[in-house]
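One structure is given below, encoded as structure tokens.
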Amino acid sequence: MRNKILQKIILALLVLLGIKTGIQGFISTINMPSPDVSVANWDERAAALKESIPFERGMVGYISDIDIPGVEYDRQNLVGEFTLTQFAIAPIVLIQGSDDEEWNILSLTPQAYEIWSAENAQNYEVIKFGGKFYLAHKVNP
Amino acid sequence: MTALLSLLSFTLPALTGILIVHALWAEKNNFFDWALKLSLGIGIGLGISSLLYFVYLLFFAGKHWFLFIEILIFVVVLVATRKKLRVPVPPWLIKNQFTRAQTWMLLLAGIVFLTAFLGILNYARQRALGDWDAWMIYNRAARFLYRDPTNWRESFPQEMSVIFHADYPLLLASNTAARWEVLNKETPYVPMFQSVLFALATLGLIFGALGRFKSTGQASLSLILLGGVPFYLLEGGRQTADLPLAFFMLATVVFIFAYHEEKRFSLLAFAGFTAALAAWTKNEGLLFLLITFCTADFSLHFWHKKIFQSALPFLTGAILPLSVALYFKLALAPASEFLSGGLATILQDITDPARHGIILTYFKDIFLFSNGWFHVGILPILCVYFLFFRTRAKENPQAVFIGFAIFTLQIIGYYAFYLISPYELDWHLSSSIDRLFIHVYPTILFVTLAASQTPETIFAE
């Protein structure tokens with residue numbers, strides 16, 4: 001008999017907690033922050049850059065502040081930017097940390113770009129895009 | 001308008017799947033049967049559509065006939081199942097004799113379903129492009145297929161950074177690309193609706209299956225304990241492959257239960273089909289397929305010495321999705337990072353007590369303390385529930401045993417994969433273990449409730 005009462009209490013508790021959590025979960029989604037704008041903005045910026053690459057599919061180098069010695073960076077942010085750029089320019093494949101491809105995307109802060117440019121400018125034609133984006137076309141292999 | 005068209009683009013695959021499942025259980029037409037058939041049909045239909053698009057790419061890449069092929073397949077299925085459609089009893093005309101307690105349980109479950117549904121929609125709407133893994137892995141892969149279909153085979157280069165997981169199976173990506181192809185437009189609504197459909201189908205599946213195998217009260221309880229756990233509505237809108245994988249794992253176990261109840265080999269073939277669709281959804285699904293095949297078959301052999309009788313239909317059902325998954329893995333996908341370290345490294349990892357300690361700590365946290373209430377995880381709560389409520393009448397003990405064996409072995413398999421993980425172990429565990437919980441939870445819940453007394457029994461006295 002005691003067991004039966006205990007069973008009823010457990011069952012009722014589970015049902016009530018399930019309902020409470022379900023309602024709480026729903027309420028928590030009403031005003032949650034959305035990262036969509038930043039993803040969409042990045043997508044738009046990188047899409048403009050993609051239009052300047054003269055092929056639909058292939059390999060493109062990708063350089064960010066991580067690859068420039070002496071520049072401070074936030075690793076997590078830069079990995080995020082790299083993944084967003086890859087998402088945007090699909091089906092082109094980004095080769096991270098390389099500027100050896102014929103076409104290369106540079107996602108660099110002004111300081112990092114200056115350092116990169118000082119060493120490499122003579123080998124590339126560089127087009128500046130919005131944000132941190134540059135497109136570097138290798139002219140001297 | 002794009003949103004509506006995107007939703008409509010799922011109609012053909014969903015109807016095709018529903019027709020197929022309906023043909024399997026044409027004579028079953030009560031409220032729960034329809035919940036079961038609609039849910040299974042939607043998931044299976046999306047699986048078929050994904051396989052179909054992949055095969056279509058193999059032969060007709062760059063052509064724009066896919067919609068016509070889907071229509072053709074639908075018509076073929078319609079003609080093949082037309083005799084089964086002559087059971088003209090719509091679900092709303094079937095009288096369900098619910099007791100007062102059952103009506104209350106249904107009402108409470110309805111509240112949870114409604115809040116879960118609205119929450120999933122809300123989450124999906126506010127993350128229209130999906131969460132991090134969704135756009136980085138699945139929606140990215142869909143873009144690789146859709147944007148240049150003629151050269152789609154080049155979508156999985158070895159040179160691509162491993163963080164994009166180009167070796168992941170293509171169920172979601174292929175289906176997304178197929179819908180975009182049908183719409184002739186790349187829109188985020190497609191992966192968004194796909195995610196929501198799988199979330200609703202999983203809820204409908206557990207509800208329908210327990211309503212069919214156990215009782216109205218048990219079905220209602222399953223909705224409350226699935227839709228009412230904290231992770232569910234977030235997962236429903238994330239657009240990742242974890243909930244679809246959970247759906248196919250649950251569907252497989254449900255078919256195994258149905259087989260043990262009805263003894264029809266066609267049900268084992270469906271179990272093979274959904275298990276292989278799990279392998280086409282995520283790499284973890286390959287492990288699940290292997291475990292299910294061995295477990296289901298071994299137990300049948302053990303009890304009835306019918307190993308070939310059961311293996312054959314299971315393998316027949318699995319053959320198409322498994323062939324596609326294996327072709328993708330062996331001929332197209334880049335090598336997986338797992339096993340890349342060589343035998344010596346793997347042996348070193350397996351025998352390293354520190355690695356066992358780290359993994360056990362994470363497993364303890366996720367399996368003992370997460371997704372429950374008052375700092376007690378939902379799994380210990382289910383364990384206690386099972387101990388207090390397990391049924392003394394031996395209902396379908398073989399299927400219950402197989403169900404328990406499948407998810408236990410799956411969890412052990414995950415443990416083994418972490419042990420040989422080539423990644424930094426802490427990072428790998430912290431970034432993925434909650435998803436592994438999602439894979440197994442619906443199945444654990446289903447098996448636990450299938451093996452327990454129903455609310456009707458408990459409140460009977």
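Owing to the predicted nature of the structure, the values given are computational and were not obtained by experimental measurement. Keep in mind that the numbers below use all heavy atoms, side chains included, and drop hydrogens, waters and symmetry copies.
With a 4.5 Å cut-off on non-hydrogen atoms, B:Phe117 does not touch chain A at all. With a 4.5 angstrom heavy-atom cutoff, A:Ile89 touches chain B only via backbone atoms. Residue contact with chain A, scored on non-hydrogen atoms closer than 4.5 Å, involves the backbone and the side chain of B:Asn139 alike. Both the backbone and the side chain of A:Leu84 come within contact range of chain B, judged by heavy atoms closer than 4.5 Å. Only the side chain of B:Ile381 comes within less than 4.5 Å of a heavy atom in chain A; its backbone stays farther off. In this structure, the portions of A:Leu14 lying under 4.5 Å from any heavy atom of chain B include both its backbone and its side chain. Proximity to chain A involves both the backbone and the side chain of B:Ile224, based on heavy atoms less than 4.5 angstrom apart. Residue B:Leu129 touches chain A through both its backbone and its side chain, counting heavy-atom pairs closer than 4.5 Å. With a 4.5 Å cut-off on non-hydrogen atoms, B:Tyr146 does not touch chain A at all. Looking at A:Ile27, there are no atoms closer than 4.5 Å to chain B (heavy atoms on both sides), in backbone or side chain. Both the backbone and the side chain of B:Ala128 have a heavy atom closer than 4.5 Å to some heavy atom of chain A.
Of all heavy-atom pairs spanning B:Ile458 and A:Lys8, the tightest one is O-CE, 3.2 Å. Taking all atoms of both residues into account, the shortest heavy-atom contact from B:Phe144 to A:Ile92 is CZ-O, 3.7 Å. Closest approach of B:Arg147 and A:Phe87 over heavy atoms only: NH1-O, 4.3 Å. Here the shortest heavy-atom pairing between A:Ile10 and B:Phe389 reads CG2-CE1, 3.8 Å.
Top candidate by heavy-atom pairs under 4.5 Å with chain A, chosen from B:Leu225, B:Val112, B:Asn151, is B:Asn151. Annotation: maximal heavy-atom pairing with chain A below 4.5 Å, among B:Trp373, B:Phe374, B:Tyr385, occurs at B:Trp373. Across B:Asp131, B:Asp148, B:Val384, B:Leu233, the residue that shares the most heavy-atom pairs under 4.5 angstrom with chain A is B:Asp148. In terms of non-hydrogen atom pairs under 4.5 Å with chain B, the most contact-rich of A:Val39, A:Ile19, A:Leu6, A:Thr83 is A:Thr83. The choice from A:Gly22, A:Gly80, A:Ala90 that makes the most heavy-atom pairs within less than 4.5 Å of chain B is A:Ala90. Annotation: maximal heavy-atom pairing with chain B below 4.5 Å, among A:Val79, A:Val15, A:Leu94, occurs at A:Val15.
Note that NZ of A:Lys4 is 10.0 Å distant from CZ of B:Phe459, once rounded to the nearest 0.5 Å. Rounding to the nearest 0.5 angstrom, the gap separating the CD1 atom in B:Ile120 from the OG1 atom in A:Thr29 is 9.5 Å. Atom CH2 of B:Trp135 is separated from atom CG of A:Asp43 by 9.5 Å, given to the nearest 0.5 angstrom. Between B:Leu118 atom CG and A:Ile23 atom CD1 the span is 11.0 Å, to the nearest 0.5 Å. Here the CD atom belonging to B:Gln453 is positioned 10.5 Å from the CG atom belonging to A:Leu11, to the nearest 0.5 angstrom.
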- request: Carefully, step by step, assess B:Leu114 and A:Phe26 under the rule side-chain contact (heavy atoms from CB on, under 4.5 Å).
  value: CA-CA 9 Å; B:Leu114 192 68; A:Phe26 164 62; over 6 Å; no
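No side-chain donor-acceptor contact under 3.5 Å links B:Arg140 to the backbone of A:Gln86. Counting only distance, with no hydrogens or angles, the side chain of B:Glu154 and the backbone of A:Gly58 share no donor-acceptor pair below 3.5 Å. Put simply, the side chain of B:Gln126 gets close to the backbone of A:Ile30: a donor and an acceptor are under 3.5 Å apart.
Taking a 6.0 Å sphere around CD of B:Glu424, one finds it holds more than 12 heavy atoms contributed by other residues, nucleotides or ligands. Around atom OH of B:Tyr189, no more than 12 heavy atoms belonging to other residues, nucleotides or ligands sit under 6.0 Å away. Within a 6.0 Å sphere centred on CD of A:Gln122, other residues, nucleotides and ligands contribute more than 12 heavy atoms.
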Ignoring hydrogens and angles, write down the donor-acceptor pairs under 3.5 Å from the side chains of residues 48-56 of chain A, residues two or more places apart or on other chains.
none

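Using a 4.5 Å cut-off between non-hydrogen atoms, the part of residues 155-165 of chain B that approaches chain A consists of B:Ser155, B:Pro157, B:Glu159, B:Met160, B:Ser161, B:Ile163, B:Phe164.
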